[in-house]
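Accompanying notes for the structure given below.
Naming: A, B, ... by sequence-line order, numbering from 1 per chain.
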Protein chains: 2
Amino acid sequence: MTNNKPVTIKDVAKHLGIAFSTVSRALHGKPYVSAELRARVEAAAAELGYVPNAGARMLHKPYGSSIGLVIPDFPNQLFATAAQIFATRFAQEGLNLMLGVSGDDPETELRQVMALREARVAGIAIATCGRSLDRTVELLRSIPTVDLADRSVNLQFPTVTLDDEQSLLLATTHLLQLGHRTIAYIGGESALGTGQRRLAGFNAAMASYGVEPLPRLIQQGPLTVDFARMATIRLMNAAVRPTGLVVANSLQTEGAVDAIASLGLRLPDDLSLLGYGDASWFKLYGKGITTIDTRTVDLANAGVDILLERMTAFEQGRSHDENPIRYTLQCNLIQRGSTGVPPS
Amino acid sequence: MTNNKPVTIKDVAKHLGIAFSTVSRALHGKPYVSAELRARVEAAAAELGYVPNAGARMLHKPYGSSIGLVIPDFPNQLFATAAQIFATRFAQEGLNLMLGVSGDDPETELRQVMALREARVAGIAIATCGRSLDRTVELLRSIPTVDLADRSVNLQFPTVTLDDEQSLLLATTHLLQLGHRTIAYIGGESALGTGQRRLAGFNAAMASYGVEPLPRLIQQGPLTVDFARMATIRLMNAAVRPTGLVVANSLQTEGAVDAIASLGLRLPDDLSLLGYGDASWFKLYGKGITTIDTRTVDLANAGVDILLERMTAFEQGRSHDENPIRYTLQCNLIQRGSTGVPPS
DNA sequence: GTGAAAGCGCTAACAT
DNA sequence: ATGTTAGCGCTTTCAC
């Protein structure tokens, strides 16, 4: 016997012969309601199958009880982890997660953010597409926001990010220490903040060993398996063959592995490969892939913390900071079998 | 100059010196509004930064403009794909995605579904935890619902699922054809519909070759990497060592691979492994892992289609079917290097 | 302690 | 074509 029309607070009141405002109070544990009545109200509500209407409740507040998460895509480990952790942790706070997928497209991204605004989310966590429209940024300014991974250059939002530069410093230095000097780099374009900073880390490491990086060995492009596959093949077929390869993105690492396999190269005998991220299979592949632990779980959790802090700040009138917080996570090197001394 | 109080339809009306209902009409492209006025309204709305309030709008409808997706977890390839595809395709329909993660826990699952009800979602797609509470099922009955993967036994919702039995029939038969007779099985418990049906497929294949499956070689347990790792080690250290192993879940496949590697076994020389799902690295691992393509993308898309259909049906008063649709996808075998003839 | 009434932002009758 | 008037379900004064 499924009711058709949803049960309202008024139905419950009528059923009990009391005022509907009393029902509201009772259900919210407000003071000045006799324990006896409260019990009866709760019983009646349960019996009739009353479900509060979040929309109606929201009319009295500046925002509702959900938060938004906007990510470019799911294959990227970080974003899947973020979705999982945001959903779980905010659920514990009684907040729902509205998920927007931008597909790395600025227009779609704007549409998602607009939708979240209409839904009156209490806060937004976003991993931008890196080329966000002005209107998007403007909208985000009116809501507690945390920027995940700081992919855009110059955004001035509270940010939780890897120490991108350090990550590649660590990775590249590892290869240099093993004796590599002809080291190739595959990463994202410098239009992305992440791409820019990671390349800087690579260059810094090379510089500190007095090695001049060869422009031909630096491949920047889309964060896709395909791009990295092609780039790797290009690199390994060129006149100057690198003995080491650092990859600065998890999906690109997959592409590099694929290419290396199809070229029949052995790790680390023919090439030392240093990956990015902690995909579950890295430890299973061959002798294991040496990689940078990007601490996706820590990053997502920090994002939740900061967003919660921002939300309280907003509530208390302290709105956007001129000098927004930047939470930067240090990466770790996970040493496995894909790196070794260069072939002699 | 970020406005503090959100701009309403009334503000726009006041600004223009017209009735607020006219603004409403103009903004929704309703008839009987002069083109000239409509233009002015739109301009004013944009200028003042008007954002519709989804909650208020919802008060006049039985439900709002979002749909819910409840999944157990993200590591499972299917669920991540579902999140991606649901978010993307429903966004095209102007619907937001509210995401709930149940962590395979019935209580949490109920809480998620309750939250979605309060948010007045227009429909729900759910991959149940397999032991859903009665109250959960009852709630779902009052909303257009599609069951993803049919993990619960006997749920009577519209369902989009793999042909689980066929998938394992295919897998097991492949090993039998290669000459294997001592075949082990690792899969989910029979409390899960998926686990039950897949095991049935395994048994059917064995039976059709006249092979009696050994109970000791059938390992059912949690859909985790860990369980499968332990189970594999147990199997390979037992007195009767299988020459072939079929795994009936993607995460468990990872565990099996891990165990096989740590035992120093070579695929397919020492053991033929038949995996489940199409994780991106299966083709990269060793000579590639022979596996069942579980068509996660097709499955998710079919889920979207069915949910949309259900939503229209509800709108038209045709509510839950006594004989709900079951959309069953056939699987394909992807033959790679981890399977071969049994060691002689 | 409880009821009555106002109003949140919006849509949709109902008036002009 | 535009204005006026009820509500939608709820929270929150303000009465009693």
Side-chain angles (χ1 to χ4, degrees), chain A residues 3-42 44-45 48-66 94 117-122 315, chain B residues 3-42 44-45 48-66 94 114 117-122 142 315:
Chain A
N3 312 345
N4 216 342
K5 283 294 147 222
V7 179
T8 76
I9 206 178
K10 289 187 179 172
D11 298 323
V12 178
K14 205 172 300 165
H15 182 80
L16 256 45
I18 61 175
F20 72 94
S21 53
T22 307
V23 175
S24 172
R25 271 177 292 221
L27 257 25
H28 293 305
K30 290 275 163 71
Y32 299 123
V33 182
S34 70
E36 187 264 341
L37 219 202
R38 169 160 305 142
R40 279 174 53 217
V41 170
E42 272 159 7
L48 300 182
Y50 166 71
V51 179
N53 184 320
R57 176 175 301 167
M58 188 167 66
L59 283 180
H60 298 270
K61 308 213 176 286
Y63 48 82
S65 60
S66 36
R117 261 248 83 187
E118 297 193 12
R120 294 288 195 273
V121 292
E315 220 156 340
Chain B
N3 311 346
N4 216 341
K5 284 293 149 222
V7 179
T8 77
I9 206 178
K10 289 187 176 170
D11 297 323
V12 178
K14 205 172 300 167
H15 182 79
L16 256 46
I18 62 176
F20 72 94
S21 56
T22 307
V23 175
S24 172
R25 271 178 293 222
L27 257 25
H28 294 304
K30 289 275 163 71
Y32 301 124
V33 182
S34 71
E36 187 263 341
L37 219 201
R38 171 162 302 144
R40 279 174 53 218
V41 170
E42 272 158 6
L48 300 182
Y50 167 71
V51 179
N53 185 321
R57 178 175 298 167
M58 188 167 65
L59 284 180
H60 298 269
K61 308 212 177 285
Y63 48 83
S65 60
S66 34
M114 284 179 57
R117 262 247 84 189
E118 297 194 13
R120 293 291 194 272
V121 292
S142 63
E315 220 156 341

Tell me, with the steps shown, if T22(A) and L16(A) meet side-chain contact (heavy atoms from CB on, under 4.5 Å).
-> CA-CA 11 Å; T22(A) 307; L16(A) 256 45; over 6 Å; no
Would you say the side chain of S21(A) and the base of dT11(D) hold a donor-acceptor pair, judged only by whether the two atoms sit under 3.5 Å apart?
-> no
Kindly write out the residues that satisfy side-chain contact (heavy atoms from CB on, under 4.5 Å) with A39(A), not counting sequence neighbours, or none if the list is empty.
-> none
Partners passing side-chain hydrogen bond (donor to acceptor under 3.5 Å, both in side chains) against Y63(B) (at least two apart in sequence or in another chain) | E315(B)
If we fit an axis to the first five pairs and another to the last five of the helix from dG1(C)-dC16(D) to dT16(C)-dA1(D), what angle do they make, to the nearest 10°?
-> 40°
Between the protein and nucleotides 14-16 of chain D, are there any N/O to N/O pairs under 3.5 Å, and if so, what are the atom names and distances?
none

side-chain contact (heavy atoms from CB on, under 4.5 Å) between M58(B) and M58(A), intermediate numbers included = CA-CA 11 Å; M58(B) 188 167 65; M58(A) 188 167 66; over 6 Å; no
Taking only residues two or more places apart in sequence or in another chain, which ones pass side-chain contact (heavy atoms from CB on, under 4.5 Å) with K10(B)?
-> T8(B), F20(B)
All heavy atoms of L48(B) vs all of D11(B), minimum pair found to be CD1-O, 4.1 Å
Identify the two heavy atoms, one from H15(B) and one from A44(B), that lie closest to each other, and give their separation to 0.1 Å.
-> CD2-CB, 4.1 Å
Can you check whether R120(B) reaches V51(A) side chain to side chain, under 4.5 Å on heavy atoms?
-> yes
Pairwise salt bridge (Lys or Arg N to Asp or Glu O under 4.0 Å) hits with a residue in residues 21-37 of chain B, at least two apart = E36(B)-R40(B)
Non-neighbouring partners of H60(A) that pass side-chain contact (heavy atoms from CB on, under 4.5 Å), sequence neighbours left out | none
Check nucleotides 6-10 of chain D for protein N or O atoms closer than 3.5 Å to its own N or O atoms and list the pairs.
residue: dG7(D); atom: N2; partner: H60(B); partner atom: ND1; Å: 3.4
residue: dG7(D); atom: N2; partner: H60(B); partner atom: NE2; Å: 2.6
residue: dC8(D); atom: O2; partner: H60(B); partner atom: NE2; Å: 3.1
residue: dC10(D); atom: OP1; partner: Y50(A); partner atom: OH; Å: 2.5
residue: dC10(D); atom: OP1; partner: N53(A); partner atom: N; Å: 3.3
residue: dC10(D); atom: OP2; partner: I9(A); partner atom: N; Å: 2.6
residue: dC10(D); atom: O2; partner: H60(A); partner atom: NE2; Å: 2.8

When you look at I18(A) and V41(A), which way does the side-chain contact (heavy atoms from CB on, under 4.5 Å) test go after all the steps?
-> CA-CA 10 Å; I18(A) 61 175; V41(A) 170; 4.0 Å; yes
Is any side-chain heavy atom of R57(A) closer than 4.5 Å to a side-chain heavy atom of S65(A)?
-> no
Stepwise side-chain contact (heavy atoms from CB on, under 4.5 Å) test for Y50(A) and V23(A) = CA-CA 11 Å; Y50(A) 166 71; V23(A) 175; over 6 Å; no
Which residues satisfy the side-chain contact (heavy atoms from CB on, under 4.5 Å) test with L59(A), sequence neighbours excluded?
-> N53(B), A56(B), L59(B)
Which residues, if any, of residues 30-38 of chain B bring a heavy atom under 4.0 Å of DNA chain C?
-> K30(B)
Taking any atom under 4.0 angstrom from a heavy atom of chain A, which nucleotides of DNA chain C are the first and last to qualify, 5' to 3'?
-> dG1(C) to dG9(C)
Heavy-atom pair of closest approach, residues A19(B) and A13(B) | C-CB, 3.8 Å
